[in-house]
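First the structure, in the form of structure tokens, and then the observations on it.
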Amino acid sequence: MSADKDLSEMTEIEVASELRQLAIKISEHDRRYYQDDAPTVDDATYDSLRRRNKILEAAFPHLVRADSPNKRVGAAPAAEFGKVQHAVPMLSLGNAFNEEDVHDFFARIRRFLNLDEKEKVGVVAEPKIDGLSISLRYENARFVRGATRGDGQEGENVTENVRTITDIPDMLSGTVPEILEIRGEVYMSHADFATLNENREKSGEALFANPRNAAAGSLRQLDPSITAERPLRFFAYSWGEISESLAETHWDFLEQLKIWGFPVNPEAGQCMNAKDAVAAHARIGDNRARLGYDIDGVVYKVDRLDWQERLGFVSRAPR
């Protein structure tokens with residue numbers, strides 16, 4: 001693959017060929033990560049493949065493939081589980097790789113929303129938990145269904161497995177919308193992962209490669225009793241389908257999640273500008289070794305929900 005070749009030196013035939021190879025390779029890595037819970041490359045290598053694909057498609061938009069990785073999130077749900085159609089798609093996230101990208105993010109928001117320079121653009125910074133994305137549906141305050149992200153449009157029904165996770169409430173108290181879909185991440189702590197692998201080694205079972213694989217493999221068991229034996233944890237951070245408005249800001253929404261009994265990451269914080277956002281990234285990075293669980297970055301979310309709605313989505317990710 002001509003991954004390092006300069007675009008100005010490439011013919012359209014070469015670009016089309018590389019896009020085809022990238023589509024195949026990324027699809028295979030998605031299957032291994034989302035379905036098999038056994039990735040064969042690290043996050044940096046995977047991100048570089050997606051970044052290269054995005055660069056090629058931007059330069060040659062007429063060569064974008066129908067099976068482009070930028071049109072897809074995750075992988076199709078496994079046949080062993082019942083399928084769940086997400087009423088609101090579960091999308092991926094865009095990436096920023098340096099401080100300049102963060103400043104560009106704020107500048108793009110200002111331009112898109114046509115904001116005055118004096119208008120503050122507040123965001124909420126949250127650690128990006130390295131686990132398995134899950135959607136929890138509540139009807140009349142009672143938990144009725146749990147589903148994995150799958151390909152973003154359709155996930156796997158893991159309701160009975162989710163019921164075994166003590167961090168996830170079965171009933172919500174207080175004022176709750178008739179339909180409420182809460183989204184978050186199922187993960188495993190470093191300490192619990194170490195204990196799990198120690199026990200598996202003693203019993204002659206194969207060891208899990210890392211906490212993320214252990215969490216995903218535990219949640220996607222066909223036998224819920226196996227899931228119940230695994231020390232899974234949960235952080236809530238977003239919502240999907242709702243029957244009524246939840247709050248005016250994302251920060252207020254996080255506070256409401258706590259009232260309902262959902263665990264919210266204590267490292268989350270409000271940032272009023274790009275400088276604050278960069279500082280939050282540094283703070284979370286400095287605390288990374290002490291968190292007790294894996295993260296693979298920091299997520300920035302525009303705080304005002306009406307602005308989030310106006311910003312909308314591009315391709316497979318929120319703008």
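Only a predicted model underlies this, so the values are computations on that prediction, with no experimental measurement involved.
- Contact record, Leu305 with Ala247: CD1-O, 3.3 Å, taken as the closest heavy-atom pair.
- Ser218 contributes no side-chain N or O that, together with a main-chain N or O of Arg230, makes up a donor-acceptor pair within less than 3.5 Å.
- In the hydrophobic clustering of this structure, Ile259 does not group with Trp251; members are Ile, Leu, Val, Met, Phe, Trp, Tyr whose side-chain heavy atoms approach within less than 4.5 Å, directly or through other members.
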(message) Checking Ile26 against Tyr46 for the side chain to side chain contact (heavy atoms under 4.5 Å, CB included) test, could you report, in this order, the C-alpha distance in whole Å, the side-chain angles of both residues, the deciding distance, and whether it holds?
(response) CA-CA 8 Å; Ile26 292 172; Tyr46 178 82; 4.0 Å; yes
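- Residue Glu185 holds its CD atom at 11.5 Å from OG of Ser238, rounded to the nearest 0.5 Å.
- Separating the OG1 atom in Thr175 from the CH2 atom in Trp260 is a distance of 9.0 Å, to the nearest 0.5 Å.
- Of all the heavy atoms in Glu154 and Lys83, the pair that sits closest is OE1-CD, 3.4 Å.
- Side-chain contact check for Val88 versus Ile242: every heavy-atom pair is 4.5 Å or farther apart.
- Of all non-hydrogen atoms in Ala277 and Phe106, the two that sit nearest each other are CB-CE1, 3.8 Å.
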(message) Evaluate Arg137 against Val84 for side chain to side chain contact (heavy atoms under 4.5 Å, CB included), listing each step before the verdict.
(response) CA-CA 11 Å; Arg137 183 179 177 86; Val84 173; over 6 Å; no
(request) Test side chain to side chain contact (heavy atoms under 4.5 Å, CB included) on Glu117 and Arg110 and set out the steps. (result) CA-CA 8 Å; Glu117 281 300 317; Arg110 286 189 176 282; 4.0 Å; yes
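- Each of Arg212, Arg288, His190 was compared with Asp294 under the side chain to side chain donor-acceptor pair (under 3.5 Å) criterion, and only His190 meets it.
- Atom CG of residue Asp306 and atom OG1 of residue Thr249 lie 10.0 Å apart, to the nearest 0.5 angstrom.
- Residues Asp192 and Thr195 bring no donor and acceptor atom of their side chains to less than 3.5 Å of each other.
- The structure places CG of Leu257 at 8.0 Å from CG of Leu180, a figure rounded to the nearest 0.5 Å.
- In this structure, the side chain of Tyr138 does not engage the main chain of Leu172 through any donor-acceptor pair within 3.5 Å.
- In this structure, the side chains of Val121 and Asn273 stay at 4.5 Å or more apart for every pair of heavy atoms.
- Grouping the Ile, Leu, Val, Met, Phe, Trp and Tyr side chains by contacts below 4.5 angstrom, directly or via other members, places Leu115 with Val123.
- Between Arg283 and Glu267 a salt bridge is recorded (basic side-chain N to carboxylate O distance below 4.0 Å).
- Asn287 and Arg290 share a donor-acceptor pair across their side chains, judged by distance under 3.5 Å alone.
- The side-chain heavy atoms of Asn265 and Tyr293, taken from C-beta on, include a pair separated by under 4.5 Å.
- Although no hydrogens or angles enter the test, the distance criterion places no donor-acceptor pair under 3.5 Å between the side chain of Glu126 and the main chain of Ala268.
- Salt-bridge check for Glu160 with Arg163: passed, with a basic side-chain N closer than 4.0 Å to an acidic carboxylate O.
- Heavy-atom neighbours of Glu100 CD from other residues, nucleotides or ligands within 6.0 Å: at or below the threshold of 12.
- To the nearest 0.5 Å, atoms CG (Leu136) and CG (Asp170) are separated by 11.0 Å.
- Inter-residue side-chain proximity for Glu9 and Glu14 is flagged as unmet; no heavy-atom pair is nearer than 4.5 Å.
- A donor-acceptor pair is defined here as one N or O able to donate and one able to accept, closer than 3.5 Å; no such pair exists between the side chain of His103 and the backbone of Lys275.
- In this structure the side chain of Phe235 never reaches within 4.5 angstrom of the side chain of Asp167, judged on heavy atoms.
- Between the Arg233 side chain and the Ser189 main chain, no donor and acceptor come within less than 3.5 Å of each other.
- Note on Leu219: it does not cluster hydrophobically with Leu207, by side-chain heavy-atom contacts below 4.5 Å among ILVMFWY residues.
- Checking Gln21 against Ser17 by side-chain atom types alone, a donor-acceptor pair falls below 3.5 Å.
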(message) For a side-chain hydrogen bond (donor to acceptor under 3.5 Å, both in side chains) check, start with the C-alpha distance between Glu12 and His62, then their side-chain angles and the critical distance, and finish with the verdict.
(response) CA-CA 10 Å; Glu12 288 198 359; His62 57 292; 3.0 Å; yes
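- Between His281 and Glu99, the side chains place no donor N or O within less than 3.5 Å of an acceptor N or O (distance only, hydrogens not considered).
- Remark: Arg65 engages Asp67 in a salt bridge, criterion side-chain N to carboxylate O under 4.0 Å.
- No side-chain N or O of Gln221 forms a donor-acceptor pair with one of Thr227 less than 3.5 Å apart.
- Using a distance-only test at 3.5 Å, with no hydrogens or angles considered, a donor-acceptor pair links the side chain of Asp303 to the main chain of His250.
- Between Glu255 and Lys258 there is a salt bridge, since at least one side-chain N of the basic residue sits less than 4.0 Å from a carboxylate O of the acidic one.
- A donor-acceptor pair under 3.5 Å links the side-chain atoms of Asp276 to the main chain of Met272, judged by distance alone.
- With Phe208 as the aromatic partner, Arg200 meets the cation-pi criteria of under 6.0 angstrom to the ring centre and within 45 degrees of the ring axis.
- One hydrophobic cluster holds both Ile134 and Leu222 under the rule that ILVMFWY side chains link at heavy-atom gaps under 4.5 Å.
- At least one side-chain heavy atom of Phe143 sits under 4.5 Å from a side-chain heavy atom of Val162.
- When side chains are defined from C-beta on, Leu232 counts as touching Met188, because their heavy atoms get closer than 4.5 Å.
- Centroid-to-centroid, the aromatic rings of Tyr237 and Tyr187 stay 6.0 Å apart or farther.
- Within the 4.5 Å cutoff, the side chain of Leu63 has no heavy atoms near those of the Leu56 side chain.
- Here the side chain of Ser27 pairs no donor or acceptor atom with the backbone of Ile24 at under 3.5 angstrom.
- Nearest heavy-atom pair across Gly146 and Thr159 is N-OG1, 3.0 Å.
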(request) Give the C-alpha distance, both sets of side-chain angles, the deciding distance and a yes or no for side chain to side chain contact (heavy atoms under 4.5 Å, CB included) between His29 and Leu49. (result) CA-CA 10 Å; His29 287 317; Leu49 292 174; 3.7 Å; yes
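- Here the straight-line distance linking atom CZ of Phe105 with atom CZ of Arg108 works out to 7.5 Å at 0.5 Å rounding.
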